[in-house]
Chemist: 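Sending over a structure as structure tokens; questions will come in a sec.
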Amino acid sequence: MTSPPSGSPVLRRPLARRLLATLAAGALALGVALPSAAAFAATPDPSSTTAAVASALSAAPAANGILRPGDPLAVVVTLSAGSAAATATPVALSIGTASLGDDASLDRWLGGDASGQNLQQVATGTVDATASGAQSSITLTVPATDATLAGRGAGVYPVLVSAAGLTAPSVVVVPSDGPTTPIALVVPITAAPLTRGLLTGNELAELTAVDGALSAQLDAVDGTSATLAIDPAIPAAIRVLGSAAPPTAVAWLQRLLALPNDRFALQFGDADLAAQLQAGLTAPLGPTSLQSYMDEADFTGPAPAVSAVSSPEPVPSASPGQPSYPTLTTLLDIGSATSNVFWPATGSAGPETVASLGALGTPEEPTRVLTASTSVSGGSRVASSAVAGVSTPVYDAEVSRVLAAAAGQNDATRRSASLSAVQAYLAIARSSAGDQPVLAVLDRGTDRSRVSLRATLGLISSAPGFATSTLAEVSGRPASEVSLAAPAVDPTRATEVGDLLSDEQSVDRFATILDQPELLTGRERAELLQVISVSWTGDAARRAVADHRAGTQTTLDSVGILSSDFRLVSSSAPLRPWVRNDLPWPVTVVLDVSPNDARLRVQDRTMVEAQAAANTRVEVPVEARIANGEVSVDLQLYSPTDQPVGAPQRVDVEVRAEWESIGLIVIVVLVVAFLGLGVVRTIARRRRTRAEEESTPTQDADTPVDGIGVKGPDDDGRSPAESADDTAPDEEEIRP
């Protein structure tokens, strides 16, 4: 590795610069993704028309880009080979002769626009051959004694690394002397966006594990002065599990509550504040009940998982063996927090939003609305600001943007390059702030490693010329009155929120079928707030809303009538439909029955206690006033408060009431026939008996009365006449 003479210019080829667009288009046509400028990755070098577009180049100055007088300049260069292996590649390092004076010039440089910059090549080297899909690195060093570095004034200087037709722009910062500038940082404690109301136990166990995303967030803020913006849905998700909460989640919540950092609560689920107000609400929504997420068994008896992480603690049950549920306030508790602090999505806060939120404050706890500097007319970065008397702490949008980019970089070289950019934007912010503090935010995001988060937050604590502060201290200073530009309003988003609110009202009416309507209404509100989280954007946000609305309709259709046409074969019989209940709770409904013909009389309203997740049979008395005919009957369920439930149904009743008379007549005829047959048989028997008696010979008058000469019974007990009959010759035998 050699260093050319100081001041030697970097060779340029204008023709190659004109071919840059052609090379980029070709790369896209081949399906090769060029790294974005925001990640400070490589772009094709105008000095070559044979750029290896399948490779990527990144450059990261040492010490996060801080170049103090008397220090050498060291830059780590990493070449990532694409689908094809890369041979040994020469690289060159150049530095600008003039500093970048403002955000605009810094944006252009890091975006790949080198126009107007005078660069001097200060070092060269060679990156070893790199296998396909692998990386090779080299450190280019310029000694402190090099004339190019000597005597540089404070400022932000462009740095460029070029190799094999690729370039990687970066920056170094020569810090300035002078009084320190207070800097405050706001860090969100959030999870990935949900469509359910709360995280599940399994999700919490994963997120709060040693390598979990929520654990990484606490690791990053622990020991810093960052102000925490906490989504209260996370502590609530842990507490609703009671004794069933994962031990790692309980430990995580205990650690969160023990941190000394200032904090404030985001909206539940980090719901979009501006979208709610644009949809016509006068105040943002909050959760109403989380009772449906709590299991009685997890709150009966000792519940150390709740008492250890609740402030205030839940009120014990007065009856032994009964569950002791925490209140909603206890579930949402995030520790000692500042009230009435609001953080709308970047760029969404306008004058109307600030005015609506300002009305929610009190003299003791005034409203504070965090606002991006890009929303302030004229681009003012004064952190202690106010709009129409409402405190609006203004955070530096550029610093915040590169902070988020650095926190999202998991590659070491790219992360260091991003941190160098953060130092550059901080230096420019400091020079622009004068004696005013600087406020920055680490915007919402979940794809961040522990190392990246810790490195990013650690940079704020160690940035030269800055002293850490808090949001409370910054917003407590005398405020400068500013005006806000009109926000970038997404009318579709406001319409979606309006539709969700309309659906929620339908659920509120439907929920009156429950003994505890909050089991359903509380769940619906929690899911609504999660669906309108600021982390849902683009097509994903549209799908989340559509899926939730479909789920809401399924809930509204979960209770209904199961019936079919039937035949009434008597003048009075019960109509027997079913009430279907797909909800996990029993419901109370009223079945309204209305025939379209007054000749069929029914019990018009019948109270039904439908079992949970079951079909319940209902018997409705019906009386026919016609002998024969067809009648349509309308069936509709209502709640006890007379709210319609489910879709109405119409069934046809075929009345055959004369069948009952015909059946009775047939029975009567059969009875009469059987009785008549019995009488006939009795009479016939009597006649036969009388005939037999008449055919028996009578006694002569001179027959002795006292029995002398009369033959007595035979030995077998038969009378002499019967014995004579047996011995009498057959008629055929005496026939001549």
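Here, residue 1 is the first one in the sequence, and each next residue gets the next number.
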Chemist: What is the minimum heavy-atom distance between Leu67 and Pro175, and which atoms define it?
Modeler: O-CD, 3.7 Å
Chemist: Looking at Phe264, is Arg368 sitting on its ring face, NZ or CZ under 6.0 Å from the six-membered ring centre and within 45 degrees of the normal?
Modeler: no
Chemist: Within the 3.5 Å criterion, strictly below it, is a donor on Gln135 or Ser80 matched to an acceptor on the partner's side chain?
Modeler: yes
Chemist: Tell me every residue that passes salt bridge (Lys or Arg N to Asp or Glu O under 4.0 Å) with Arg454, counting only those two or more places apart in sequence or in another chain.
Modeler: none
Chemist: Quick one: list whatever passes salt bridge (Lys or Arg N to Asp or Glu O under 4.0 Å) with Asp102, sequence neighbours left out.
Modeler: none
Chemist: By side-chain hydrogen bond (donor to acceptor under 3.5 Å, both in side chains), which residues pair with Thr224, not counting sequence neighbours?
Modeler: none
Chemist: Do Val75 and Ser170 come close enough that some side-chain heavy atom pair is under 4.5 Å?
Modeler: no
Chemist: For the pair Leu457 and Leu185, evaluate side chain to side chain contact (heavy atoms under 4.5 Å, CB included) and give the outcome as yes or no after the intermediate values.
Modeler: CA-CA 9 Å; Leu457 300 189; Leu185 178 65; 3.3 Å; yes
Chemist: Just wondering, do Ile230 and Leu256 contact through their side chains at under 4.5 Å, heavy atoms?
Modeler: yes
Chemist: For Arg477, enumerate each residue passing the salt bridge (Lys or Arg N to Asp or Glu O under 4.0 Å) test, keeping only those at least two apart in sequence or located in another chain.
Modeler: none
Chemist: Could you tell me which residues satisfy side chain to side chain contact (heavy atoms under 4.5 Å, CB included) with Thr97, sequence neighbours excluded, listed by chain and number?
Modeler: Asn118, Gln120
Chemist: What donor-acceptor contacts under 3.5 angstrom involve side-chain atoms of residues 211-223, with partners at least two apart or in another chain?
Modeler:
residue, atom, partner, partner atom, Å
Ser215, OG, Thr208, O, 3.0
Ser215, OG, Ala209, O, 2.7
Gln217, OE1, Thr190, N, 3.2
Gln217, NE2, Thr190, O, 2.8
Asp219, OD1, Arg255, NH1, 2.9
Asp219, OD1, Arg255, NH2, 2.7
Asp219, OD2, Arg450, NE, 2.4
Asp219, OD2, Arg450, NH2, 3.1

Chemist: Side-chain contact, heavy-atom cut-off 4.5 Å: Pro61 with Ser420?
Modeler: yes
Chemist: Might you confirm whether atom CD of Glu206 has over 12 heavy atoms from other residues, nucleotides or ligands at distances under 6.0 Å?
Modeler: no
Chemist: Working to the nearest 0.5 Å, report the span between OG1 of Thr338 and CG of Leu471.
Modeler: 7.5 Å
Chemist: Between Leu370 and Leu439, is any pair of side-chain heavy atoms under 4.5 Å apart?
Modeler: yes
Chemist: I need the full list of side chain to side chain donor-acceptor pair (under 3.5 Å) pairs touching residues 256-265, with sequence neighbours left out, sorted by first then second residue.
Modeler: none
Chemist: Given Leu140, which of Val77, Val76, Leu73 fulfils the side chain to side chain contact (heavy atoms under 4.5 Å, CB included) condition?
Modeler: Val77
Chemist: Roughly how far apart are Leu266 CG and Ile234 CD1, rounded to 0.5 Å?
Modeler: 9.0 Å
Chemist: In chain order, what residues pass the side chain to side chain contact (heavy atoms under 4.5 Å, CB included) check against Ser385, with sequence neighbours excluded?
Modeler: Val382, Thr392, Val394, Val482
Chemist: Compute whether any side-chain donor of one residue and acceptor of the other, for Thr413 and Ser416, lie under 3.5 angstrom apart.
Modeler: no
Chemist: Kindly compute the distance separating CD (Glu398) from OG (Ser432), expressed to the nearest 0.5 Å.
Modeler: 11.0 Å
Chemist: Hey, what do you get for CD (Gln121) to CG (Leu93), rounding to the nearest 0.5 Å?
Modeler: 8.5 Å
Chemist: Just to verify, what does Asp272 make a salt bridge (Lys or Arg N to Asp or Glu O under 4.0 Å) with, not counting sequence neighbours?
Modeler: none
Chemist: Could you tell me whether the side chain of Asp113 reaches within less than 4.5 Å of the side chain of Asp107, counting heavy atoms only?
Modeler: no
Chemist: Taking C-beta and beyond as the side chain, do Val474 and Ser384 meet within less than 4.5 Å on heavy atoms?
Modeler: yes
Chemist: Under 3.5 Å, sequence neighbours excluded: what are the donor-acceptor pairs made by side chains of residues 149-159?
Modeler:
residue, atom, partner, partner atom, Å
Arg152, NE, Thr148, O, 2.8
Arg152, NH1, Gly96, O, 2.8
Arg152, NH2, Gly96, O, 3.0
Arg152, NH2, Thr148, O, 3.4
Tyr157, OH, Gly153, N, 3.4
Tyr157, OH, Gly153, O, 2.8

Chemist: Has the side chain of Thr89 got a donor or acceptor atom that lies under 3.5 Å from a matching backbone atom of Thr87?
Modeler: yes
Chemist: Can you check whether Arg414's main-chain N or O pairs, donor with acceptor, with Ser418's side chain at less than 3.5 Å?
Modeler: yes
Chemist: Evaluate the side-chain proximity of Leu79 to Leu166: yes if any heavy-atom separation is below 4.5 Å, no if none is.
Modeler: yes
Chemist: Check whether any side-chain heavy atom of Phe466 lies under 4.5 Å from a side-chain heavy atom of Leu426, and answer yes or no.
Modeler: yes
Chemist: Looking only at heavy atoms, which two atoms of Ser373 and Ser380 are closest? And how far apart?
Modeler: CB-O, 3.7 Å
Chemist: Checking side chain to side chain contact (heavy atoms under 4.5 Å, CB included) for the pair Ser452/Asn410: CA distance, chi angles, key distance, verdict?
Modeler: CA-CA 6 Å; Ser452 297; Asn410 295 325; 3.6 Å; yes
Chemist: Keeping Ser225 on the side-chain end and Thr468 on the backbone end, is there a donor-acceptor pair under 3.5 Å?
Modeler: no
Chemist: Is it true that a side-chain atom of Ser533 and a backbone atom of Ser535 form a donor plus acceptor pair closer than 3.5 Å?
Modeler: yes
Chemist: Return the minimal non-hydrogen interatomic distance between Val399 and Ala440, and the atom names on each side.
Modeler: CG1-CB, 3.9 Å
Chemist: First locate atom OG of Ser400, then atom CG of Leu442, and finally report the distance between them rounded to the nearest 0.5 Å.
Modeler: 8.5 Å
Chemist: If you compare all heavy atoms of Leu199 against all heavy atoms of Ala191, which two are closest, and at what distance to 0.1 Å?
Modeler: CD1-CB, 4.2 Å
Chemist: Grab the two heavy atoms, one from Thr130 and one from Ser136, that are nearest each other, plus how far apart they are.
Modeler: OG1-OG, 2.7 Å
Chemist: Return the set of residues passing side-chain hydrogen bond (donor to acceptor under 3.5 Å, both in side chains) with Arg430 (not counting sequence neighbours), or none when no residue passes.
Modeler: Ser176
Chemist: Going by the salt bridge (Lys or Arg N to Asp or Glu O under 4.0 Å) test, which pairs reach into residues 436-445, not counting sequence neighbours?
Modeler: Asp270-Arg444
Chemist: Kindly compute the distance separating CG (Leu119) from CD1 (Ile95), expressed to the nearest 0.5 Å.
Modeler: 9.0 Å
Chemist: Closest approach of Trp536 and Arg493, non-hydrogen atoms and distance?
Modeler: O-NH2, 4.1 Å
Chemist: Would you check if the side chain of Thr371 reaches a backbone N or O of Val369 as a donor-acceptor pair within less than 3.5 Å?
Modeler: yes
